[in-house]
Amino acid sequence: AIGICVVAGACASWFFAPPERRRSIHESHRAVMTGVENAFCCHLGSLALGSALIATVQLVRWSLFYLERQATARKNKVMVSILRCVECFIWMFEKCLKFMSKKAYIQIALMGTPFCESAKASFYLLARNPLNFALLSMFGNLLRWIGVSFIVVASALVGFLCLNLMDPQTPPVAPMAAFVLLAYMVGSALMNVFG
């Protein structure tokens with residue numbers, strides 16, 4: 001939540017700055033600091049509320065999962081079926097809530113409004129422009145996938161070449177697995193901006 005709000009606030013601060021100030025490196029750093037300051041000083045409660053809503057739904061989902069395991073152990077097939085249906089509904093609700101919360105965090109950063117007001121505004125914005133958001137979401141996911149893939153492949157290739165130059169006789173299986181895992185984590189963190 002904080003990361004989304006900081007990035008959105010920094011982008012808004014940079015975008016709405018006068019054109020002559022946008023060109024300087026100092027203004028870019030200032031935009032990021034403005035995003036961080038706004039997220040931590042002004043909107044921390046709204047971000048916590050959105051995160052708490054998601055955490056509450058996840059708690060309910062995990063409680064239902066526990067009850068399903070208990071019903072499975074008692075061989076109560078009717079209760080297992082009912083709980084699986086309810087879990088599916090809660091899972092879909094959680095996904096929708098995460099999606100709407102992300103859009104609400106962006107509204108919070110842009111407009112400076114509380115969470116509920118921002119969620120309402122983002123819902124109406126999504127309702128008015130569903131095709132635009134669907135295309136933008138697909139393009140963002142594609143761009144994120146391409147970026148993460150490039151980072152992983154490039155890191156693995158450079159790591160393999162470095163290992164081969166250092167010691168050509170040693171098989172590089174374990175270090176390569178570590179390179180790929182670390183590159184995937186870093187790439188996912190860096191490309192999260194597009195998701």
Side-chain angles (χ1 to χ4, degrees), residues 1-15 22-40 44 47-48 50-52 54-66 68-70 72-73 84 87-88 90-92 94-103 105-106 109 133-195:
I2 291 173
I4 295 166
C5 191
V6 167
V7 169
C11 291
S13 175
W14 177 84
F15 183 78
R22 268 193 240 167
R23 292 186 192 99
S24 73
I25 295 290
H26 177 68
E27 184 60 35
S28 299
H29 294 292
R30 192 165 156 254
V32 173
M33 289 309 298
T34 300
V36 169
E37 182 181 320
N38 284 340
F40 279 99
L44 203 55
L47 300 175
S51 299
I54 293 170
T56 303
V57 171
Q58 287 175 341
L59 178 66
V60 168
R61 195 168 140 231
W62 280 104
S63 299
L64 289 172
F65 181 73
Y66 174 75
E68 179 197 339
R69 291 289 176 197
Q70 294 296 321
T72 304
R84 283 186 180 162
E87 280 178 32
C88 183
I90 296 292
W91 177 80
M92 287 187 291
E94 178 187 348
K95 293 297 178 184
C96 291
L97 188 62
K98 282 183 177 180
F99 181 77
M100 287 305 299
S101 292
K102 185 174 181 179
K103 304 303 179 211
Y105 298 149
I106 294 169
F133 277 98
L135 289 173
L136 190 60
S137 179
M138 287 189 318
F139 179 69
N141 287 334
L142 176 67
L143 194 60
R144 182 174 55 187
W145 182 81
I146 290 170
V148 170
S149 300
F150 176 76
I151 290 170
V152 169
V153 169
S155 297
L157 185 63
V158 168
F160 180 76
L161 292 174
C162 287
L163 288 173
N164 254 356
L165 288 175
M166 289 187 333
D167 190 10
Q169 276 72 33
T170 306
V173 176
M176 288 303 297
F179 285 155
V180 168
L181 180 66
L182 188 62
Y184 178 77
M185 290 180 350
V186 169
S188 295
L190 288 174
M191 298 305 289
N192 192 33
V193 172
F194 298 105

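The figures here come from the full heavy-atom set of this structure, side chains too, leaving out hydrogens, waters and symmetry mates.
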How many angstroms lie between atom [atom1] of [X] and atom [atom2] of [Y], to the nearest 0.5 angstrom?
X: Met176; Y: Leu157; atom1: CE; atom2: CG; result: 8.0 Å
X: Ile54; Y: Leu59; atom1: CD1; atom2: CG; result: 14.0 Å
X: Met33; Y: Ser13; atom1: CE; atom2: OG; result: 11.5 Å

Taking all atoms of both residues into account, what is the closest heavy-atom pair of [X] and [Y], and its distance?
X: Ala109; Y: Cys5; value: CB-O, 3.4 Å
X: Leu163; Y: Pro175; value: CD1-CB, 3.5 Å
X: Ile151; Y: Gly187; value: CD1-CA, 3.7 Å

>> Which residues pass the salt bridge (charged side-chain N to carboxylate O under 4.0 Å, His left out) test with Lys95, not counting sequence neighbours?
In response: none

>> According to ring pair (Phe, Tyr, Trp, His ring centres under 6.0 Å), who are the partners of Trp145, at least two apart in sequence or on a separate chain?
In response: none

> Who passes ring pair (Phe, Tyr, Trp, His ring centres under 6.0 Å) against Phe65, sequence neighbours left out?
Replying inline: Trp62

> Does the side chain of Tyr105 come within less than 4.5 Å of Ser51's, by heavy atoms?
Replying inline: yes

>> Please enumerate all residues that pass side chain to side chain donor-acceptor pair (under 3.5 Å) together with Tyr184, with sequence neighbours excluded.
In response: none

> With sequence neighbours left out, what residues match Glu87 under side chain to side chain donor-acceptor pair (under 3.5 Å)?
Replying inline: none

> According to the side chain to side chain donor-acceptor pair (under 3.5 Å) rule, which pairs have a member within residues 170-183, sequence neighbours left out?
Replying inline: Asp167-Thr170

>> Name the residue from Val36, Asn38, Val32 that meets the side chain to side chain contact (heavy atoms under 4.5 Å, CB included) definition with Thr34.
In response: Asn38

